[in-house]
Amino acid sequence: MDVIRVSVETATSAPDGRTNAYLLGTDSALLVDPAARTDDLDDAISDRSVDHVAVTHHHPDHVDAVETYADRCDATVWAHATHADGFAAATGVSPDRTFRSGTVIDVDGDEVRIRDTPGHAPEHVAFEWTGGALVGDLAIAAGSVVVGGPEADMRSYLTSLRRLHARNPENLYPGHGPVIEDSRATLERLVVHRLEREARVRAAVESGARTVDEILDAAYDKDISDVRRLAAATVRCHLEKLDTEGDIAWDGQHAEPR
């Protein structure tokens, strides 16, 4: 599978301020996550036939040029069947076709299979083929992925990581940063990081922290002033998971040990 990664500048919370768009294939290519129109992305598609456009999820830093490139390439636009309305609202484009987990898109005679990978967002998917997986905001080479906001789900995120780990793709193509060649080790690292953070959140509550701000101060042993808002959103997701699993009581404002 021919894979082209084009890093484009976007309004993203990623440290480098950029999002990766990908072109899979050449003669019947799939464009994934066209986050913005740029000269580099224009050049990348200029010598190939883009027949399909899709996204890993609907966050603005992954979808803002869907309409532009769908029109330019006269491509079939795909969206998750369960979230087609959300896709249209996010992109301004009504999908031509919909997919579900397991749907296959033919790219130059190769099968690209779509897998549900919710957690970072409920509609999040990965695109898998022999030798690789395009994973959006499921994984990143260094650091961790923000799992926060009203639609994020920490339990689903961890499940998605574990399921991808079990399938053991050779390389991961993330939405931000470089290609990940040590896929299994990276997925293990992300699971361990989330569980360690969860343990710190639980310990903070058991030690008397009740509000998100109090838990943040107790659970982080480094300066997070630049990312405190994102850290707070992630802590909320950990609290929701712990509440669902019966480890603590969380009402959206205050946490208590059970």
Side-chain angles (χ1 to χ4, degrees), residues 5-22 32-33 35-36 55-63 117-121 124-127 132-149 151-165 168-204 212-213 215-242:
R5 178 175 66 95
V6 182
S7 179
V8 301
E9 187 173 352
T10 59
T12 177
S13 60
D16 64 355
R18 305 182 75 84
T19 298
N20 294 327
Y22 288 95
V32 181
D33 286 356
V55 300
T56 56
H57 61 298
H58 302 165
H59 289 172
D61 62 327
H62 289 255
V63 307
T117 51
H120 179 75
H124 198 289
V125 296
F127 299 81
L134 195 165
V135 297
D137 284 354
L138 180 66
I140 195 167
S144 60
V145 172
V146 174
V147 184
E151 293 191 310
D153 187 307
M154 191 64 71
R155 298 181 78 203
S156 294
Y157 177 68
L158 285 165
T159 297
S160 295
L161 288 175
R162 288 167 173 144
R163 286 177 174 169
L164 187 59
H165 179 272
N168 192 25
E170 183 177 348
N171 295 312
L172 302 179
Y173 297 82
H176 306 279
V179 174
I180 300 167
E181 297 181 349
D182 55 344
S183 61
R184 178 155 278 193
T186 296
L187 294 166
E188 289 175 354
R189 175 182 64 79
L190 290 167
V191 170
V192 168
H193 172 76
R194 281 285 135 239
L195 294 179
E196 288 178 346
R197 182 66 63 203
E198 177 181 294
R200 286 176 173 265
V201 169
R202 184 192 299 110
V212 169
D213 280 338
I215 294 166
L216 279 171
D217 292 338
Y220 284 80
D221 56 2
K222 61 182 180 180
D223 181 11
I224 59 168
S225 55
D226 290 341
V227 293
R228 191 173 180 89
R229 178 183 61 83
L230 298 175
T234 298
V235 163
R236 286 181 179 276
C237 281
H238 277 297
L239 291 167
E240 290 165 3
K241 177 179 181 291
L242 289 166

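No experiment lies behind these values; they were computed from the predicted model shown.
Classification of R228 and D217 as a salt-bridged pair holds, one side-chain N sitting under 4.0 Å from a carboxylate O.
Annotation: side chain of L164 is not in contact with side chain of T117 (no heavy-atom distance under 4.5 Å). Contact annotation: the side chain of H58 never approaches that of H62 to less than 4.5 Å [non-hydrogen atoms, C-beta and beyond]. Looking only at side-chain heavy atoms (C-beta outward), L161 and T159 stay at 4.5 Å or farther from each other. Taking 4.5 Å as the limit, some side-chain heavy atom of I180 sits within range of a side-chain heavy atom of P174. By the 4.5 Å heavy-atom criterion applied to side chains, V145 and H176 are not counted as neighbours.
Counting only distance, with no hydrogens or angles, the side chain of D153 and the backbone of S156 share a donor-acceptor pair below 3.5 Å. With hydrogens and angles disregarded, a donor-acceptor distance shorter than 3.5 Å links the side chain of R189 to the backbone of G143. Without hydrogens or angle criteria, N171 side chain to S183 main chain gives no donor-acceptor distance under 3.5 Å.
For H124 and H59, the ring centers are positioned 6.0 Å apart or more.
Applying the side-chain contact (heavy atoms from CB on, under 4.5 Å) test between M154 and each of R236, K241, H120 identifies K241 as the sole match.
Distance CG/L138 to CG/L172: 8.0 Å, rounded to 0.5 Å. Here the CD1 atom belonging to I215 is positioned 4.5 Å from the CG atom belonging to L239, to the nearest 0.5 angstrom. The distance from the CG atom of D33 to the CZ atom of F127 is 7.0 Å, given to the nearest 0.5 Å.
Of all the heavy atoms in T10 and T19, the pair that sits closest is OG1-OG1, 2.9 Å.
The number of heavy-atom neighbours closer than 6.0 Å to CZ of R5, taken from other residues, nucleotides and ligands shown, is above 12.
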List the steps, then state whether salt bridge (Lys or Arg N to Asp or Glu O under 4.0 Å) holds for R200 with E196. CA-CA 6 Å; R200 286 176 173 265; E196 288 178 346; over 6 Å; no

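Side chains of D137 and H57: a donor on one and an acceptor on the other come within 3.5 Å. Checked by atom type, the side-chain pair H238/R194 shows a donor-acceptor distance below 3.5 Å.
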